[in-house]
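Every chain is numbered from 1 and lettered A, B, ... according to where its sequence line falls, protein lines coming before strand lines.
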There are 2 protein chains.
Amino acid sequence: MDIAVCHGRIVLVGDASHVLIGPETAVVDVTGRYLCPGLIDSHMHVESTMVDLPCFAAGVLPQGTTTICPDIHELTNVLGMKAVDLFYQSARQLPLKVLIAMPVCVPALPGMEDAGAAVTPDLVRKAYESGRVFLQGEQMNFPGVIYGNEDVHQTIAAGMASGKVLTGHYASTDLNAGLNAYIASGITADHETTTSKGADARAMRGMYVQQRYGSAWLDLPQLVESITLDPGGDTRFYTLVTDDVTAATIVTEGHLVRVVRKAIQLGINPITALQMATINPAQMLEASRWIGSLTPGRAADILVVDNLTQFTISRVYCDGVQVALDDQLSHPVSGFVYPEWALNTVHLDLLTPLDFQIIAPSNGPVQVRVIQLVPDRVNTLLKTATLEPRNRCVNADPGQDLAKAGVFYRHSPNGTADKSRGLGFVSGTGFLAGTAYASTVSHDCHNLLVVGTDDAAMALAANTLIESHGGLAVVMENRVLAHLPLPLGGIMGLSSMETTAQGVQKIEKALSRIGCPHKSFEMTLSLLGLVVLGELHLSNRGLVALQEGQPPRFVDLILDS
Amino acid sequence: MDIAVCHGRIVLVGDASHVLIGPETAVVDVTGRYLCPGLIDSHMHVESTMVDLPCFAAGVLPQGTTTICPDIHELTNVLGMKAVDLFYQSARQLPLKVLIAMPVCVPALPGMEDAGAAVTPDLVRKAYESGRVFLQGEQMNFPGVIYGNEDVHQTIAAGMASGKVLTGHYASTDLNAGLNAYIASGITADHETTTSKGADARAMRGMYVQQRYGSAWLDLPQLVESITLDPGGDTRFYTLVTDDVTAATIVTEGHLVRVVRKAIQLGINPITALQMATINPAQMLEASRWIGSLTPGRAADILVVDNLTQFTISRVYCDGVQVALDDQLSHPVSGFVYPEWALNTVHLDLLTPLDFQIIAPSNGPVQVRVIQLVPDRVNTLLKTATLEPRNRCVNADPGQDLAKAGVFYRHSPNGTADKSRGLGFVSGTGFLAGTAYASTVSHDCHNLLVVGTDDAAMALAANTLIESHGGLAVVMENRVLAHLPLPLGGIMGLSSMETTAQGVQKIEKALSRIGCPHKSFEMTLSLLGLVVLGELHLSNRGLVALQEGQPPRFVDLILDS
């Protein structure tokens, strides 16, 4: 079987012996190998890798990812609609196809947190008019969808009017009334199911199941029974996505190819697994006339695969141009020069230990609400604990595995949220006495998050980031153990995937040195401020509790005695 | 399992016990039955039924057809772009979803025939801007696609720029270079394959196989091995279509439901067969967020099916409204009042026997080219025959089964084509001496076609139609045996499906009386003028030969001796 390519498109699949071979025609003999369409990641956040788009492309192209649908709500939380422009501009010269998903939940929970911008239905409409975004990003406000929030439905209406495919984030376990209402709104894809029952419930209702296998949220093994236990079943509504993966995962295990391999390992037929990363997402995106199959008229995004079960890729073509050979980039990927405003986004005066002080109503023991972290899970648990104030100050208690946490608004020095902060307690870090961790990667508002067992250490960690325009930092005994600067919006660096992976590794080693027993704990911590998740989270406005069947609400840190 | 419907859309699939049942809520108990999505016919011509759109809807809704994609090139050949407006307006009040396919080949072969209008790329573009058409109709000029005809590619470009799905008509047996080029142009659906090999070749190249089972072109049984011999294969690119069915077929056997039943009889799993008439065409049309499945957010086009294998339908809902119960329409379908110009389209003065005279160069025997009809096939064969002129006139010879044929331009009394006509000989009719058949249903230009064994009989048949503004007529021994008036564009009547079927039946009985041994022969004759088909056809400009690998060309009726 031959494939002929012209002007970046496949023009023939069959016998090309009649095709004129001119001096500029490249003939590649791939006898004995497999040719597959390039992989399509229909839901992901580039920001999770902490590298910028060109470095991301350079990292994932050799692994066969040729199309991504980045929901850029992280950078948009920092930069507003300018983030869409930055992504659009930085994607233009890339071989990687970047189908931008318009972020529609910025901030995730208006009224309960403050980001650098707010995306209104009107801005969404304007973005569609600009022609720079391809689909509608994840609608995280599922209660707003179900209970008829006006703004949420105006945003959905804007997407429908523009013919956009709408994607979801339905993080509830209600698979009847709630799920039906959510799908009935017009949202036809979702990556939040963590059970095969949830996958079944979605697919049978015409919602694409975006089976997630990220660095930390490893849902795929729990989902595949929806397919493997139903051998004759129709799998066209199943796709594979990464959602959030780190640079380290991409460097050591691979990007979407890792998910395809995992699916095969889990017992899914290799062809079916491949469909879930090619034709199925292409149909989901209503883009199958362009991408997702090796057929005439489609983009010549072609992988040469040596072994279908191991899914080892030896060559990658984008629009007919070879971009990678034997795991190495073989085509230049040009970097992007960012404007100063994109690299200077941590607008905070230096902090002092006093900024972390929590005052008790009296000097007796106090009961406090505690965010119980659960490693490798996105949700937290709402717990309580008893602490003994010292001089009316309620401090962290490493003995009980209780650290203090602070979230500081950092976006605009002029906004009404300036100087706002939330303080609380966190359990499950394992942090030793005198240690702290700080990060400006703190979903979704990306305010400055500081977690530690000592107010001075917390101030040092925070100030390290304020001075370097954002990033991650670990402090122990008044010393910065590790520091990864992330100047682009305070959430992404300008280094390669490998360098960034090493930087994160240093952070993780430092986290381990300060007592944390868990892997990739910086990812778990980065969700401490994600107030749309259950059960307890911390925003710059305070503690937010979210419990099944109830709207989110602010709760006091210290319980009434 | 419950289905809840609101405002014409499905809002819940699952357990509706929590749903409020108000005084205006209809509760329908269908325990023990199956619920299926309404059937979608993604390629068809309403004109083939000879009934107008409201009567068509009234006929097919009780049979479960809820969406059609009419390629209205027949009426457009007569009325030009006004046909699009007529269809759009007459569809507006119907429960049937009418997704108009923009006809792009009017006339089918410019320069070799004359229709009532010519559709240019610019008119196609304007139609897309009007928002009145949903997809691009069949591109019949496949040589034009393959060999780079400028107008053809401008039309394709117009469709792509508007995001339309482009449909095809690839009637060649070249499954390599030609088929690849055709698909590479961007056309992603085709109904012209007559072999399972052709079906395989299309589906594997990302082209939807629109498996046809019309009244006369019975391709489906020849195609299904593409599916039945590959039990685990992916069938998402296979659909079922009717293309051309008569009112009689619909009345006696059913519309698309007949094709679904046939597919099941041929060994296709009922669920797969149903997918080929629901979700598959919906995905092909990139309309699966609206139609094609019983899932939340989609139109409540629902069939209650009593028996899945027999596929017996007892109720039909369109947008949540019951339109049919037990094979009977249960919801009014309003008719449409047509303007006078749509009902008066046969612009011809009365003919005389002299209009059919063919003069020989000398009085000796002449060799003539003959159109050999093949019953139940769309193609003809190019044959030759020897005839003895009488007084230099070359006449039909019923003894050799040679009838005379004439095609008379009938559209505009002012056009350059006025008074143009083509004459020829036809074999395979079986017509007795002194008989004739006339029709203004003559694909695709719908000029006045007359076939007969006697010039006077031919004139009488022709004049019967000129006086009644078009239709079908059969003449024997100077008497009109049967006459079906079709005043709408000269190709459709204003009667119900049943009445029209009876009218056609009378024509068929009359055809049988005048000697024709074949069933539904009026359909075979209606393609006598379709010059895009091989091997020999007759237009108002003369005989057109089309042979494999050659462009179409005019040929002389009488061969040089």
(message) Using side-chain contact (heavy atoms from CB on, under 4.5 Å), reason through A/T295 and B/R202 one step at a time and then give a plain yes or no.
(response) CA-CA 10 Å; A/T295 56; B/R202 285 163 175 78; over 6 Å; no

(message) Is it the case that the side chain of A/R298 and the backbone of B/G206 share a donor-acceptor pair, with hydrogens and angles ignored and the cut-off at 3.5 Å?
(response) yes

(request) Report the option among B/D234, B/T235, B/N180 that has the most heavy-atom pairs separated by less than 4.5 Å from atoms of chain A. (result) B/N180

(request) Let me know if B/M160 has heavy atoms under 4.5 Å from chain A in its side chain, its backbone, both or neither. (result) neither

(request) Could you check B/M284 against A/Q283 for side-chain contact (heavy atoms from CB on, under 4.5 Å), going step by step and ending with a plain yes or no? (result) CA-CA 9 Å; B/M284 178 206 123; A/Q283 288 193 323; over 6 Å; no

(message) Given heavy-atom pairs under 4.5 angstrom as the criterion, report whether the side chain, backbone, both or neither of B/S293 touches chain A.
(response) neither

(message) Less than 4.5 Å to any heavy atom of chain B: does that hold for the side chain of A/D2, its backbone, both, or neither?
(response) neither

(request) Return the option, out of A/L166, A/I183, A/L294, with the maximum number of heavy-atom pairs under 4.5 Å with chain B. (result) A/I183

(message) What part of B/I10 gets within 4.5 angstrom of chain A, counting heavy atoms only: side chain, backbone, both, or neither?
(response) backbone

(message) Would you say that more than 12 heavy atoms from the other residues, nucleotides or ligands in this model lie under 6.0 Å from the NE2 of B/H7, or not?
(response) no

(message) For a quick test of reading the model, state the closest non-hydrogen atom pair linking A/A184 to B/P296 and the distance between them.
(response) N-CB, 3.6 Å

(request) Determine yes or no for a side-chain-to-main-chain donor-acceptor pair under 3.5 angstrom, with B/R205 supplying the side chain and A/V13 the backbone. (result) yes

(message) Please report the interatomic distance CZ(A/R9) to OG(B/S185), rounded to the nearest 0.5 Å.
(response) 11.5 Å

(message) Is any side-chain heavy atom of A/E286 closer than 4.5 Å to one of B/V165?
(response) no

